[in-house]
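We name chains A, B, ... by the order of the sequence lines, and we start the count at 1 in each one. Any value given below was found using the heavy atoms of this structure, including those in side chains, with hydrogens, waters and symmetry copies removed.
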Amino acid sequence: MTTLTTEYDAVIAEFDPIIGLETHIELGTNSKMFCACSAQFGGDPNTHVCPVCLGMPGSMPVVNRVAIESTIRMGLALNCSISPWCRFARKNYFYPDMPKNYQISQYDEPLCTDGFLDVTVATQDGPQVFRVEIERVHMEEDTGKLLHAGGAGRIHGATHSLVDYNRAGIPLIEVVTKPILNTGELAPEVAKAYVAELRDLMRALGVSDVRMEEGSLRCDVNVSLSRPGEEWGTRTETKNVNSLRSVERSVRTEMLRQANQLRAGERIIQETRHFNEETGDTTSGRSKEQAEDYRYFPEPDLVPIAPSQTWIQELRGTLPEVPSVRRARLRSEWGITEFDMQSLVNAGALELITASIDAGVQPTAARKWWTGELMRVANEQGCELEDLSVTPLDIAEIEGLISQGDLTDKMARSVFEGLLAGEGSVSEVVSSRGLVVVNDDASLIAAINTALSDSPDVAEKIKGGKIAAAGAIVGSVMKATQGQADAAKVRALLFELLGVKE
Amino acid sequence: MNDLTRQSAATLATAIARKEVSSEEVTQAHLDRISQVDERVHAFLYVDPQESIARAREVDQQIGRGELSSPLAGVPIALKDLLATKGLPTTCGSRILEGWRPPYNATIVEKLHAAGVVSLGKTNMDEFAMGSSTEHSGYGPTHNPWDLQRIPGGSGGGSAAAVASFESPLAIGTDTGGSIRQPAAVTGTVGVKPTYGGVSRYGIVALASSLDQAGPCARDVMDTALLHSVIAGHDPRDSTSINAPVPDFVAAALKADVRGMKIGVIKELQGEGFQAGVLERFNQSLETLTELGAEIVEVSCPNFQYALGAYYLILPSEASSNLAKFDGMRFGIREDDGKNRSVEQVMSATREKGFGAEVKRRIMLGTYALSSGYYDAYYGQAQRIRTLITRDFEAAFLQVDVLVSPTAPTTAFKIGEKLDDPLAMYLNDIATIPVNLAGNCAMSLPIGLASEDGLPVGLQIIAPAMADALLYQVGSALESALVDRWGGLLISEAPSL
Amino acid sequence: MTQDGINAEQVRHLGKLARLELTSEEVEHYAAQLEQILSAITSISAVATQEIPPTSHPIPMENVYRDDLALPGLELADFVPGAPAFEDDRFRVPRILGEPS
Ligand SMILES: [Mg+2]
Ligand SMILES: [Zn+2]
């Protein structure tokens with residue numbers, strides 16, 4: 001080929017990427033992992049706390065049964081084996097967001113091991129399925145939230161920090177993949193599709209609503225490059241990548257950075273890196289070469305988890321339709337191609353569309369709004385569809401108004417504008433923007449008569465059978481009513497007035 | 001009633017229930033005693049007379065209205081300063097917690113409160129329960145009422161000394177490697193380490209979570225049985241708490257019968273390292289038990305020789321992690337020189353200043369034993385030894401009903417004598433540690449004075465896990481024979497202070 | 001099992017891991033004592049062979065769980081007085097990063 005290749009294509013021509021993902025997802029339980037404090041997001045600082053999650057001397061953890069069940073169900077959905085006996089371990093390290101200075105986690109005895117998740121990526125040659133192997137699924141507790149003060153709000157340059165422990169102790173599921181090989185140029189897309197699939201699975205299981213904008217899903221993304229046939233390269237771990245888009249970008253950025261480094265004859269340092277959401281760059285964090293020594297040992301304040309076969313079978317019975325099976329069903333119900341379905345999934349539109357349909361919207365209309373107007377806005381703003389301030393219930397409300405003849409499609413677009421601009425609810429936007437279909441015959445007939453008397457020649461043409469000329473009259477009526485009339489109705493009334501048959 | 005401080009808890013409770021005396025009078029008598037003698041004994045770290053009297057009056061009113069029928073209602077108690085007490089200072093004998101008042105109560109404290117037991121205050125201890133002498137308190141040592149130059153044992157030396165000096169009829173201790181039993185032995189009192197999980201650990205500041213267990217301290221077996229009954233039972237806030245009915249300890253103490261029982265003497269816990277006067281009293285007690293109708297047999301627990309080694313890996317390992325939360329960020333002191341140092345520097349300076357030498361030594365040891373590359377060799381191996389010791393006990397209990405040994409190898413040593421010889425101090429716990437490793441239960445009770453120094457000697461009775469009632473049955477049988485012989489409790493021989 | 005002695009360097013590293021700002025006297029002191037204590041307890045390595053299962057909990061129990069019910073916890077007034085530094089309803093802690101290098 002003689003055409004110019006992009007920098008990325010050149011990297012792929014020279015190196016094979018290997019990726020791996022560790023994903024932490026907050027469970028949607030009522031209470032925390034080891035205490036009865038509320039696990040709700042937010043709340044005034046330090047109001048969802050007790051002696052246990054503040055790490056007060058003498059306090060002791062007790063395991064939340066639902067958190068264990070959620071982890072087992074997640075493990076089953078990921079085709080994992082469920083360990084018949086395992087323990088929690090303490091991971092010891094000092095950090096002020098962790099009240100006990102150890103995290104209760106699982107170490108060499110995870111609850112679920114050896115599963116897989118198939119993910120589909122749309123390519124020019126059609127959809128391609130990758131099997132992502134899952135090494136383990138385990139549970140642990142989240143840390144508190146640090147606010148860096150006296151600087152630019154970042155850890156660098158801060159004079160001190162402030163800690164809110166509301167999040168400390170919220171149950172987290174950690175899903176760790178095995179190294180994902182042979183993705184080639186699709187590595188960033190596979191990473192993104194995997195996280196999206198994981199998110200959909202969690203939602204389908206009802207174990208978490210995965211509010212990504214609230215940081216309830218966090219990925220650590222491992223990337224390494226090697227030249228074909230050579231040993232695996234040294235990997236870096238980019239921490240806390242918090243959106244689907246960022247997962248994709250961070251893999252791509254890190255591939256480009258590592259390739260540059262390797263080409264310059266430099267070695268890759270095994271380290272953690274930070275992802276900058278604004279620039280898409282990764283920057284060096286703490287070097288892993290002087291690795292933290294976590295001094296793991298079995299948590300003596302908790303007893304082992306030993307799920308019986310009966311319990312596991314019972315939980316297996318509660319598993320919902322697997323997302324991939326569900327997608328196949330929806331595809332045939334909606335009569336769309338595999339490629340279209342994959343585009344919906346990649347765009348993060350599938351759940352929004354099905355939720356809209358569940359709220360009463362016709363499938364075609366639901367697809368039209370989410371993949372048309374709203375997708376365009378999301379792309380413009382560089383965010384996920386689900387982060388837009390439009391909900392499936394809003395779509396249902398708008399569609400309801402359209403079918404009652406109270407809104408036109410064009411007016412609906414104006415409602416979306418208002419919703420996105422934060423002007424309030426659908427009804428608030430409709431009334432504040434004065435979006436009312438002019439529907440009463442009297443005012444429409446008056447407007448038609450005005451238009452006809454303004455253009456007597458056009459009126460004659462129509463009467464003479466030149467139906468096409470009607471467009472000019474309808475146009476000026478629409479103009480006169482500021483677009484708030486139903487064009488079809490105007491046209492019908494016009495013909496009726498002139499006594500012409502269409 | 002004569003001197004209220006010389007009575008047993010059972011006697012006081014009966015008198016209070018019959019309204020022959022009020023809880024307020026009993027509490028006041030003990031507060032008076034504390035103000036007379038505690039300057040010399042230093043059993044207490046914190047006493048709040050007004051609070052105690054107010055509580056006693058409240059209990060008197062509840063009793064008056066017939067609302068309290070607990071067997072210890074109105075009786076005062078001393079609490080080891082390792083128990084979280086809401087709104088009251090809780091230091092664990094450490095400077096790092098100076099001034100800290102927990103926002104919650106330990107389960108034991110709530111149970112005692114519900115039973116109308118009146119707290120006199122918090123007792124001294126080796127810092128974070130690390131030690132066998134109470135010399136390692138951040139607030140100065142406690143003195144043995146038998147000889148103020150000597151240690152009262154540890155870590156619960158304050159609780160034992162409070163009971164032995166008649167400052168309190170009852171006390172709560174905690175026992176991780178002998179911290180209830182060894183102080184009981186060297187102060188001539190009774191102490192019980194319940195089966196692991198028998199008494200809630202919630203609110204007891206953890207030393208080594210898999211070994212710690214709180215239990216009763218008193219001057220006679222019946223009082224420990226009464227107190228044990230009040231604090232025992234399942235607690236949903238402690239995941240390691242046993243969910244089973246509490247046996248009737250008081251009935252077992254009343255039974256006081258060893259006829260037909262087989263009592264095993266542990267071959268490995270006598271001889272070398274044990275003081276002659278201690279062994280002499282121990283052997284006499286065996287004779288007494290035989291006279292009472294028990295059969296004495298010798299059993300071997302060959303793995304006990306490794307218990308100390310395993311213990312001094314497990315304890316520091318767990319402690320190094322349990323004590324990580326003391327970092328000056330959320331509670332307790334913070335060592336901040338105002339020079340805008342980093343969080344790591346401030347944490348390190350706080351811990352360096354707030355912890356004493358023994359605590360730092362064990363944190364270092366535990367950090368080492370858990371660090372990567374050493375875990376298997378140290379912590380992992382120690383956990384295997386634990387299995388072997390448990391098997392030794394299981395084999396022994398196939399042959400006998402209970403086991404006995406001297407509680408401690410020597411009588412109380414002099415304050416300062418072993419202060420910088422940790423290994424010598426650790427040897428004090430040689431007979432008590434195997435029980436903590438295996439999780440079963442044991443009692444120490446006084447069996448006389450050693451002929452060479454005139455100081456109290458304790459005998460340890462060990463029963464299988466969840467068979468705590470046996471301790472009371474055997475202990476009270478032996479005690480009543482000895483009391484008959486002595487004409488009173490051994491503690492009445494102690495100097496009057 | 002490796003039985004290399006504990007040197008001052010190692011003690012300093014342990015001190016850092018354990019967040020103890022040890023004085024150089026303490027470093028020397030602990031190096032000697034840890035060495036002594038560890039050699040006194042290494043007898044255990046010979047007897048505890050791999051086929052013996054480790055005991056992490058003295059009384060074997062399994063599956064102790066709590067129902068997923070949220071209950072009120074503490075009020076700020078319960079723990080703020082005991083906190084070394086508190087600001088804007090949050091625990092104030094010193095800066096996280098070390099000296100800029
Ligand atoms: Mg983790
Ligand atoms: Zn909590």
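F34(A) touches chain C through its backbone: at least one of N, CA, C or O sits under 4.5 Å from a heavy atom, while the side chain does not. Within the 4.5 angstrom heavy-atom criterion, only side-chain atoms of P298(A), from C-beta onward, approach chain C. Of the two parts of Y93(A), neither the backbone nor the side chain holds a non-hydrogen atom closer than 4.5 Å to a non-hydrogen atom of chain C. Heavy atoms closer than 4.5 Å to chain A are found in the backbone of L69(C), but not in its side chain. Of the atoms belonging to I68(A), it is side-chain heavy atoms, and not backbone ones, that fall under 4.5 Å from chain C. The part of T159(A) that comes within reach of chain C is its backbone (N, CA, C, O), which places non-hydrogen atoms under 4.5 angstrom from that chain. Only the backbone of C35(A) comes within contact range of chain C, with at least one heavy atom under 4.5 Å from a heavy atom of that chain. For K32(A), the part lying near chain C is the backbone, with the side chain staying farther off; criterion is any non-hydrogen pair under 4.5 Å. Contacts of H48(A) with chain C are absent, with no heavy-atom separation under 4.5 Å from either backbone or side chain. Both the backbone and the side chain of A306(A) come within less than 4.5 Å of a heavy atom of chain C. Heavy-atom distances place the backbone of E299(A), and not its side chain, under 4.5 Å from chain C.
Per-residue counts of heavy-atom pairs under 4.5 Å with chain A were compared for I96(C), I59(C), D67(C), L76(C); the largest is that of I96(C). Annotation: maximal heavy-atom pairing with chain A below 4.5 Å, among L71(C), V80(C), D78(C), occurs at L71(C). Contacts with chain C were tallied for V62(A), T47(A), N101(A), D164(A); V62(A) has the most, counting heavy-atom pairs under 4.5 Å. Heavy-atom pairs under 4.5 Å with chain C were tallied for S38(A), C50(A), S161(A); the largest tally goes to S161(A).
A side chain to side chain contact (heavy atoms under 4.5 Å, CB included) with R92(C) holds for exactly one of L162(A), L147(A), V163(A); it is L162(A).
For E62(C), the CD atom is densely surrounded, since the number of other residues' heavy atoms within 6.0 Å is greater than 12. Counting non-hydrogen atoms of other residues, nucleotides and ligands closer than 6.0 Å to OH of Y65(C) gives a total above 12.
For the residue pair N46(A) and F79(C), the shortest heavy atom distance occurs at O-CZ, 3.7 Å. Contact detail for R87(A) and S56(C): the closest heavy-atom pair is NH1-OG, 2.7 Å. The two residues A36(A) and R66(C) come nearest to each other via the heavy atoms CA-NH1, 3.8 Å.
Scanning residues 81-89 of chain C against chain A with a 4.5 Å non-hydrogen threshold yields F86(C), E87(C), D88(C), D89(C), sorted by number.
With H148(A) contributing its side chain and R95(C) its backbone, the two residues share no donor-acceptor pair below 3.5 Å. Looking at D68(C), its side chain does come within 3.5 Å of a backbone N or O of N30(A) through a donor-acceptor pair.
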Quick one: do L17(C) and R295(A) satisfy side chain to side chain contact (heavy atoms under 4.5 Å, CB included)? Show the steps, please.
CA-CA 10 Å; L17(C) 268 183; R295(A) 289 160 287 136; 3.9 Å; yes

